[in-house]
2 protein chains.
Amino acid sequence: MTEIRQPSPRRGTNLPRMGDFNLTVILDAIRRSTAGLSRVELAQIVGLSPQTISNISRRLLDQHLIIEAGKEGNGPGKPRTILQLNPSGMYAVGVHLDPAVTTFVVLDLVGAVVKHSRINTPGGSDPAAVIATIAGEIKKLVDESGVDASKIAGLGVAAPGPIDLEHGTVVAPPLLAGWDRVPLRDALAEATGLSTLVDKDVTSAAVAETWAGGPSGSGSFVFMYMGTGIGCGIVLNDELVRGTSGNAGEIGHIVVDPDGPPCDCGLRGCVKSSCIPQVLVAQAVEAGVLEHDDAGDSGAASAIQNSFAKLFEAAEAGNSTAAEIIDRSAVLVSRAVAVITNTLDVERVVFGGPFWNLLSERYLNRIPELLEGSSAARQIHGIEVVGTGVGEDVGAVGAACLVLEHTLAPRSQRLLLEG
Amino acid sequence: MTEIRQPSPRRGTNLPRMGDFNLTVILDAIRRSTAGLSRVELAQIVGLSPQTISNISRRLLDQHLIIEAGKEGNGPGKPRTILQLNPSGMYAVGVHLDPAVTTFVVLDLVGAVVKHSRINTPGGSDPAAVIATIAGEIKKLVDESGVDASKIAGLGVAAPGPIDLEHGTVVAPPLLAGWDRVPLRDALAEATGLSTLVDKDVTSAAVAETWAGGPSGSGSFVFMYMGTGIGCGIVLNDELVRGTSGNAGEIGHIVVDPDGPPCDCGLRGCVKSSCIPQVLVAQAVEAGVLEHDDAGDSGAASAIQNSFAKLFEAAEAGNSTAAEIIDRSAVLVSRAVAVITNTLDVERVVFGGPFWNLLSERYLNRIPELLEGSSAARQIHGIEVVGTGVGEDVGAVGAACLVLEHTLAPRSQRLLLEG
DNA sequence: GTAGGGGAATCCTTGACTGAGATCCGCCAG
DNA sequence: CTGGCGGATCTCAGTCAAGGATTCCCCTAC
């Protein structure tokens, strides 16, 4: 399709934008430091003058986003006052809308989970009812958490793709019948009264890493989301890559095994058809490692999870066939990762997602070496491979982080004037 | 390899940066308009006040980067004075260092070629001698072009990858013996006295598209460089993606044909082993479409080019086997493109490079449809597929555009304070 | 001549930068 | 134990520079 798209012109910037941006830069520096920073250290790090740091610090203190947390003086002279994030300065609500379970979290400013809950995603094909249920659960969660409602910056929703970022809709997700182009963002915003953001689950996970993942969440990296499917979130130079419509990170049809099983796309050995949990479980059943009990049927998410866990137990117990299936999947996944890292030349790959706990040990043993071997830039720099520190609620945590990121992260977009 | 990389902290911004940035924004808006813009139009487009536009216009006029080009008044009132780029306001020199030929261009501010020349890349394994030859050729070219030396902003060099952007070196290019980690940037800067930038050839081509490619060079797109190999340049939201070390765009080992020939990476049917010109020519020879004359031997670049052209002549003349080989390569290339566009969710794919002239008709007939079918976001937006307007010198033109882009493009990086 | 739009001069606001002063603490001598 | 000294941190005024708002002048069409 060759449609005409009028170029969205570059916008200028002005003083207030600059001030706001510098504020977020300083907040970001404090956030990324483990134990807080003094004003002098901040001046060195962000390159602004000490006075500017002082002024902005005051604004941040007034907004209760940071606090003065003691002093640190080892030498002579006035000790430095340490500035730290005030965890209770702001909160965000996150919802991970998954076909099987819907997870809710309330996050504080440092990215810690204040309260979380989980419900089975209501079935049926009536999105309006589901949205009402979700809104009710959010209200309940916020009430129980005891958080001051005025300090809640907003609501983030992580949904399975594809989505339409501009309109805040989910577009025909495979496992949610009747959800074609439901205006999820606007409906939830109205039902909860919170300003709402919708994004893809894998994108949200990557944002969780930048916000709550520590040092591995900075710079340029790819977040490999190991869930029911495999997707990735992309962060380049500390800024998220969402794509034109918010659908970046669709890697399910990268061919990783020329000898693999046929895929619905017409090729063979795609990621989607050769290394997602459902396929590995099926392989295990066929090889006789797992019973053909509840695993093979409709493929309910929890059943897959159970069978997948059993596969790893078998491998742990010494079943070499099970180990082989898993290790082979590591090889395949590493090939997909290599395609992405070679295309984008990132410095790090972060693994995470609901199934990562099971995979981590074996994958981290094998993938770094495999990746090194197929990296186009291996003569210039290595590629760090790590597992995320954010736990299994990464989808919902990431959803809440969408709000924090949108409100407080130093995005260069923030500098530009709006249309 | 899991190395520790200290996070490069976010920097703040200040007033002078802001002023410079707004200047580049305005210049960019004028550049992207086909027939120039008035101050009032500029104010609407970039969002700044008319007075700021006026002030910045004055600065640009003082620097002779823009000129007032007549008036336009159809209704009542004072007619608008049209501001246009002054082509002779700035120049840049570009060199495309290819294993076979080295191309030189002098570019003016609008991206038009003022003067160009071409030499066979000196053989032998003495980079110093080659660099001296190049520097001499640059000097000659600049002299002959009659351009005021003080108006030359710098020298851009497009080199085959991999490169080390930080050090400005080329790292072991496959076809340039003895060129391991040669400090190309510094050597040429010293030899010519010009401030010098080095980048990958495919990246340069993408920059050429943003600077001289018209409307198809804006927004987010992937530039598919069809040369001796196939690589891509990536532009997201009007900013180039270079990657950590400048090596983004290595897509040679994306598997596009599970039934394809084995590749040195251990898989089968990679881009590199199934759809580059050399492979298509070999297929044609095997199928009896082409003679096994000079094509099959050492694979000299010019020989490949000749044979490749003959293949297209045959197809044009009605040889169905030749047409099949070419059309099949379009299918394979479209698969690689689909992997990239699904990963990055861009709005456009731009094809170009030395072999594009031959490919364009058949590829443009087939690839849009193929891509549409395998696009993950096809329900949200289509993907524009176009050929570049920049001609066969795209490597050298892009190299020169590297300088213009670095000097004049509104990169958000420009706003941030330096370390 | 009048109306209406474009462009420039002037003043204002705001943000960061510069230099001087106040604050705080450890150290050392009496 | 106490008070002065020194060093580093932080803050207070003043300056600079950029964009914003208002006003005025100029130009053209009717």
Side-chain angles (χ1 to χ4, degrees), chain A residues 10-26 29-30 36-62 66-83 410 414-418, chain B residues 10-26 29-30 36-62 66-83 410 414-418:
Chain A
R10 276 270 165 191
R11 310 285 296 180
T13 187
N14 61 12
L15 265 168
R17 296 266 160 186
M18 185 171 80
D20 288 350
F21 179 79
N22 280 345
L23 186 130
T24 62
V25 168
I26 291 179
I30 295 175
L37 290 171
S38 71
R39 292 174 174 79
V40 187
E41 288 166 319
L42 277 169
Q44 287 175 347
I45 290 173
V46 305
L48 296 169
S49 69
Q51 294 67 24
T52 304
I53 303 291
S54 217
N55 294 339
I56 294 179
S57 303
R58 198 174 308 117
R59 284 170 61 192
L60 287 168
L61 285 166
D62 288 347
I66 61 172
I67 47 174
E68 295 192 333
K71 304 188 179 253
E72 179 192 70
N74 34 7
K78 180 173 178 178
R80 305 172 167 183
T81 44
I82 301 299
L83 302 174
R414 182 187 302 282
L415 275 162
L416 307 183
L417 296 167
E418 278 143 22
Chain B
R10 279 268 162 191
R11 311 282 298 179
T13 186
N14 60 15
L15 265 169
R17 298 267 159 184
M18 186 171 80
D20 288 351
F21 179 80
N22 280 344
L23 185 132
T24 62
V25 168
I26 291 180
I30 296 175
L37 289 171
S38 72
R39 292 174 175 79
V40 185
E41 289 167 318
L42 278 169
Q44 287 175 347
I45 290 173
V46 306
L48 295 169
S49 69
Q51 297 65 24
T52 304
I53 303 291
S54 219
N55 294 338
I56 294 179
S57 302
R58 198 174 310 117
R59 284 169 61 193
L60 287 168
L61 286 165
D62 288 346
I66 61 173
I67 48 176
E68 294 192 333
K71 308 206 176 233
E72 179 191 72
N74 34 7
K78 179 174 176 177
R80 305 173 167 184
T81 42
I82 302 298
L83 302 175
R414 183 188 303 281
L415 275 161
L416 308 184
L417 297 166
E418 278 144 19

What is the distance, to the nearest angstrom, from the [atom1] atom on [X] to the [atom2] atom on [N]?
X	N	atom1	atom2	value
A:Arg39	C:dC24	CZ	P	13 Å
A:Leu42	D:dT9	CG	P	12 Å
A:Glu68	C:dT23	CD	P	16 Å
B:Leu415	D:dG19	CG	P	11 Å
A:Met18	C:dA16	CE	P	5 Å
A:Glu41	D:dT9	CD	C1'	12 Å
A:Gln51	D:dT9	CD	P	13 Å
A:Ile82	D:dC10	CD1	C1'	13 Å

Given 3.5 Å as the limit, does a donor-acceptor pair link the side chain of B:Arg17 with the main chain of B:Arg414, or not?
yes
List the atom of [X], the atom of [Y], and the distance in Å for their closest heavy-atom pair.
X	Y	answer
B:Ile45	B:Ala29	CG2-CB, 4.4 Å
B:Leu23	B:Ile56	CA-CG2, 3.7 Å
B:Ala43	B:Ser49	CB-C, 4.4 Å
A:Gly47	B:Arg11	CA-NH2, 3.3 Å

To the closest 0.5 Å, what do you measure between CG (B:Leu37) and CD1 (B:Ile26)?
10.5 Å
Can you tell me how far CG of A:Leu60 sits from CD1 of A:Ile53, rounded to the nearest 0.5 angstrom?
10.0 Å
State, yes or no, whether a side-chain contact exists between B:Ile30 and B:Leu42 at a heavy-atom distance under 4.5 Å.
yes
Does B:Ile82 reach the side chain of B:Glu68, with side-chain heavy atoms less than 4.5 Å apart?
no
Determine which bases of DNA chain D form Watson-Crick or G-U wobble pairs with both distances under 3.5 Å, and write the result as a 5' to 3' dot-bracket string with | for other-strand partners.
||||||||||||||||||||||||||||||
For C:dG6, take OP1 and OP2 only and decide whether either is under 4.0 Å from a side-chain N or O of B:Thr81.
no
If you compare every side-chain N and O of A:Asn14 against the phosphate oxygens of D:dA18 (OP1, OP2), does one of them come in below 4.0 Å?
no
Taking the minimum atom-to-atom distance to the side chain of [X], which one of [options] wins?
X	options	value
A:Leu15	C:dT14, D:dT28, D:dT9	C:dT14
A:Ser49	C:dG7, D:dG20, C:dC17	C:dC17
A:Asn22	C:dG6, C:dA16, D:dT28	C:dA16

Kindly state which residues belonging to residues 52-62 of chain B come within less than 4.0 angstrom of DNA chain D, counting heavy atoms of the residue only, listed by number.
B:Thr52, B:Ile56
